Amino acid sequence: MKKSFDQASILKELETAKVRFVRMQFTDLFGKLKNLVIPVRSLESALKRGVLFDGSSIEGFVRIEESDMYLKADLSSFVILPEGVHQGASARFICDVVNASGEPFLGDPRQVLRKNLKRAADLGFEVFIGPEMEFYLMELDSHGLASTVSYDRGSYFDLGPADLGERARQNMVIALEDIGFNVEAAHHENAASQHEIDFTYTDALKAADQVMTFKYVVKASAAAMGLHASFMPKPVYGQAGNGMHCNISLAQNGKNVFYDPNADLHLSVLAKQFIAGLLHHAKAITAVTNPTVNSYKRLVPDFEAPCYIAWSAQNRSPLIRIPSARGENVRIELRSPDPSCNPYLAFAVILAAGLDGIEHGYNPANAVNENIFAMSEAKRRMLNIEALPMSIHEALQALEEDQVICDSLGEHLLPQFLRAKRLEWRDYNTKISQWELDRYLDY
């Protein structure tokens with residue numbers, strides 16, 4: 001579908017498509033998509049003045065004394081939603097959150113990413129990210145609620161009849177392409193009922209917008225088929241978790257500055273400095289790229305998710321991998337993020353870490369081309385290979401001690417994030433799990 005980005009053509013397109021409702025969408029602190037629905041007759045006014053809402057009702061935004069906030073539509077994000085995502089014709093805009101004064105709200109995750117992208121632009125860089133999104137398709141229980149019952153028993157790259165999710169993926173791809181996604185591939189993943197849909201890399205802000213839209217469309221498409229799509233990092237014990245590997249590159253004047261045809265692996269000095277920055281700040285950024293208690297059930301050995309802070313071009317056990325593509329396609333793949341993260345904040349801290357490596361001229365340790373999972377602890381110590389945090393509690397401690405990453409999140413958002421995640425950890429620690437009952441009830 002061809003998009004039109006000026007107000008007059010948008011209004012005409014809405015009239016032609018007989019759209020009656022418009023969704024004004026934004027993302028909260030924790031990466032949850034929110035929206036206000038307005039009738040299409042109110043859109044012209046909304047585009048001019050913004051849409052008023054109570055910011056104090058959104059956790060982590062503002063206090064009740066300063067609750068008036070506005071949603072300001074980004075015209076470039078306009079799409080008419082395809083059938084199967086919502087009944088009846090409706091459209092959506094992704095919005096920025098602004099204060100009553102009209103100034104950007106510093107607690108808006110989209111604004112946090114913009115701030116870090118400006119830092120990159122001031123250094124002369126454009127930032128491109130391509131996320132790889134994994135999810136599970138589960139059956140609903142007798143009450144119509146999500147369950148952990150697998151929809152199929154397929155495995156990596158399987159096809160029907162073992163892959164019962166093939167039709168669901170096709171419906172998702174059609175819906176995504178109808179709203180402008182450039183889907184590269186879709187396939188069954190390693191675990192039963194686990195799937196992956198990849199789309200082309202783009203500039204970092206649009207990539208974060210696409211992650212939010214992707215999850216929204218995939219969940220809605222699954223629901224239309226009587227299924228539940230879960231982006232939970234580790235929904236099934238003993239099975240692979242859901243990752244959101246991020247492929248990253250920087251450009252200047254349209255050229256990939258990570259590419260050097262004369263260098264080893266075609267990695268430029270800037271690319272290696274960016275890698276070094278990521279490694280240096282890895283523990284702190286993990287609090288944001290892996291923000292839930294459940295995230296750390298995925299970051300364990302034997303399931304291809306990274307546990308150790310290292311890089312390589314030859315295996316998938318380290319935190320950072322250099323894919324085999326060379327030339328202008330040289331990129332860095334950060335393998336730790338999972339789809340429970342807020343993509344705006346995740347991309348912001350990833351960028352802050354990498355740019356710090358460039359600004360301070362960091363050099364990464366030697367690439368580790370052995371399987372780190374198979375190494376002894378003594379050998380890992382000899383090679384100075386540290387582990388990622390083992391819990392959100394450890395990650396939050398690392399975040400609070402890292403001034404560069406704290407600064408990237410900002411004075412408003414950081415304390416709200418730390419407070420909420422500590423409460424989540426405390427709540428988790430008070431709950432009694434089935435594992436504890438099985439192990440200790442008759443101890």
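Because the structure is predicted, anything quoted here is derived from the model rather than measured.
In this structure, Ala282 and Thr286 approach most closely via the heavy-atom pair O-OG1, 2.6 Å. Arg169 and Ile197 make their closest contact through O-CD1, 4.4 Å (heavy atoms, listed as atom of the first residue, atom of the second, distance). Taking all atoms of both residues into account, the shortest heavy-atom contact from Pro337 to Cys246 is CG-SG, 4.1 Å. Ala91 approaches Val19 most closely through the heavy-atom pair N-CG1, 3.8 Å. Considering every non-hydrogen atom in both Val51 and Met24, the closest pair reads CG2-CE, 4.0 Å. The two residues Leu227 and Glu139 have their closest heavy-atom pair at CD2-CA, 4.4 Å.
In this structure, Leu267 CG and Phe274 CZ are separated by 12.5 Å, a value rounded to the nearest 0.5 Å. With rounding to the nearest 0.5 Å, the separation of CG in Asn256 from CG in Asn329 is 8.0 Å. The distance from the CD atom of Glu394 to the OH atom of Tyr296 is 9.0 Å, given to the nearest 0.5 Å. The distance from the CG atom of Leu250 to the CD1 atom of Ile248 is 8.5 Å, given to the nearest 0.5 Å. Atom-to-atom distance recorded for Ile320:CD1 and Ile322:CD1 is 7.0 Å, nearest 0.5 angstrom. With values rounded to the nearest 0.5 angstrom, Ser147 atom OG is found 6.0 Å from Asp141 atom CG.
Counting only heavy atoms from C-beta outward, the side chains of Phe135 and Lys219 never approach each other to under 4.5 Å. Within the 4.5 Å cutoff, the side chain of Gln111 has no heavy atoms near those of the Pro109 side chain. Contact of the Ile179 side chain with the Pro82 side chain is registered, since non-hydrogen atoms from C-beta on lie closer than 4.5 Å. Residues Gln273 and Leu270 are in side-chain contact: their nearest non-hydrogen atoms beyond the backbone lie under 4.5 Å apart. Gln210 is not listed as a side-chain neighbour of Val217, based on a closest heavy-atom distance of 4.5 Å or more. Counting heavy atoms from C-beta outward, Ile285 and Leu278 have side chains that approach closer than 4.5 Å. Residues Lys297 and Pro233 form no side-chain contact, since every pair of their non-hydrogen atoms from C-beta on lies 4.5 Å or further apart. For the pair Lys255/Gln252, no side-chain contact is recorded, criterion being any heavy-atom separation below 4.5 Å from C-beta on.
The pair Arg114-Asp96 counts as a salt bridge, with a side-chain nitrogen and a carboxylate oxygen less than 4.0 angstrom apart. The existence of a salt bridge linking Lys12 and Glu15 is excluded, since no basic side-chain nitrogen approaches an acidic carboxylate oxygen closer than 4.0 Å. Arg335 has a carboxylate O that lies under 4.0 Å from a charged side-chain N of Glu333, or vice versa, which qualifies the two as a salt bridge.
Proximity of a side-chain donor or acceptor of Lys215 to a complementary backbone N or O of Lys32 within less than 3.5 Å is not detected. Between the side chain of Asn99 and the main chain of Gly102, no donor-acceptor pair closer than 3.5 Å is present. Remark: the backbone N or O of Ser336 is paired with a side-chain donor or acceptor of Asn290 at under 3.5 angstrom. Using modelled atom types, no side-chain atom of Ser90 and backbone atom of Val22 make a donor-acceptor pair closer than 3.5 Å.
Residue-environment remark: CD (Glu304) stays at or below the threshold of 12 foreign heavy atoms within 6.0 Å. Applying the 6.0 Å contact sphere to CZ of Arg422 captures more than 12 heavy atoms from other residues, nucleotides or ligands. Within a 6.0 Å sphere centred on CZ of Phe303, heavy atoms belonging to other residues, nucleotides or ligands number more than 12. Residue Glu328 places its CD atom among more than 12 non-hydrogen atoms of other residues, nucleotides or ligands, all under 6.0 Å distant. The neighbour count for Glu436 CD, taken as heavy atoms of other residues, nucleotides or ligands under 6.0 Å away, is above 12. For Tyr308, the OH atom counts as densely surrounded, since its 6.0 Å shell holds more than 12 non-hydrogen atoms of other residues, nucleotides or ligands. Shown here is Asn253, whose CG atom has no more than 12 heavy atoms of other residues, nucleotides or ligands within 6.0 Å.
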Phe199 and Asn182: CA distance, side-chain angles, deciding distance, side chain to side chain contact (heavy atoms under 4.5 Å, CB included) verdict: CA-CA 5 Å; Phe199 41 94; Asn182 226 339; 5.6 Å; no
Is there a side chain to side chain contact (heavy atoms under 4.5 Å, CB included) between Phe258 and Ile275 once you walk through the steps? CA-CA 10 Å; Phe258 282 179; Ile275 290 170; over 6 Å; no
Should Thr213 and Arg92 be marked as a side chain to side chain donor-acceptor pair (under 3.5 Å) after you check the CA-CA gap, both sets of side-chain angles, and the distance that decides it? CA-CA 10 Å; Thr213 299; Arg92 80 93 207 267; 2.8 Å; yes
Given the rule in the side chain to side chain contact (heavy atoms under 4.5 Å, CB included) test, do Leu113 and Leu117 qualify, once you have shown the distances and angles that lead to the verdict? CA-CA 6 Å; Leu113 178 54; Leu117 288 172; 3.9 Å; yes
Could you give me the CA-CA distance, side-chain angles and deciding distance for Glu359 and Arg119, then say whether salt bridge (charged side-chain N to carboxylate O under 4.0 Å, His left out) is met? CA-CA 11 Å; Glu359 289 179 314; Arg119 179 184 166 201; 2.4 Å; yes
For the pair Leu396 and Phe417, evaluate side chain to side chain contact (heavy atoms under 4.5 Å, CB included) and give the outcome as yes or no after the intermediate values. CA-CA 9 Å; Leu396 291 171; Phe417 183 85; 4.1 Å; yes
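Looking only at atom types and distance, the side chain of Ser295 has a donor-acceptor partner in the side chain of Thr292 under 3.5 Å away. Side-chain contact, Asn171 with Ser221: no donor N or O sits under 3.5 Å from an acceptor N or O. Under the 3.5 Å distance criterion, with hydrogens and angles disregarded, a donor-acceptor pair is assigned to the side chains of Ser76 and Asp74. Counting only N and O atoms by type, the side chains of Asp338 and Ser340 include a donor and acceptor under 3.5 Å apart. One side chain, Asn242 or Gln194, offers a donor N or O that lies under 3.5 Å from an acceptor on the other.
Ring to ring, His228 and Tyr136 are not that close: their centroids are 6.0 angstrom or more apart.
Within the structure, ring-ring contact (aromatic ring centres under 6.0 Å, His included) pairs that include any residue of residues 9-28 comprise Phe26-Phe53 (at least two apart or interchain).
Screening Asp209, Leu29, Asn116, Val112 against Tyr344 for a side chain to side chain contact (heavy atoms under 4.5 Å, CB included) leaves a single residue, Asp209.
Relative orientation of the Phe214 and Phe231 rings is perpendicular, given thresholds of 30° and 60° on the angle between their planes.
Geometric assessment of Lys72 against the ring of Phe93 yields a negative cation-pi assignment under the 6.0 Å and 45° thresholds.
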Which side-chain N or O atoms in residues 346-357 pair as donor and acceptor under 3.5 Å with protein atoms at least two apart or in another chain?
unit_1, atom_1, unit_2, atom_2, d
Asp356, OD1, His360, ND1, 3.0
Asp356, OD2, His281, NE2, 2.7
Asp356, OD2, Tyr362, OH, 3.4

Which pairs of donor and acceptor atoms, one on a side chain in residues 121-134, lie under 3.5 Å apart (sequence neighbours left out)?
unit_1, atom_1, unit_2, atom_2, d
Asp122, OD2, Lys118, NZ, 3.1
Glu132, OE2, Asn247, ND2, 2.9
Glu134, OE1, Gly243, N, 2.8

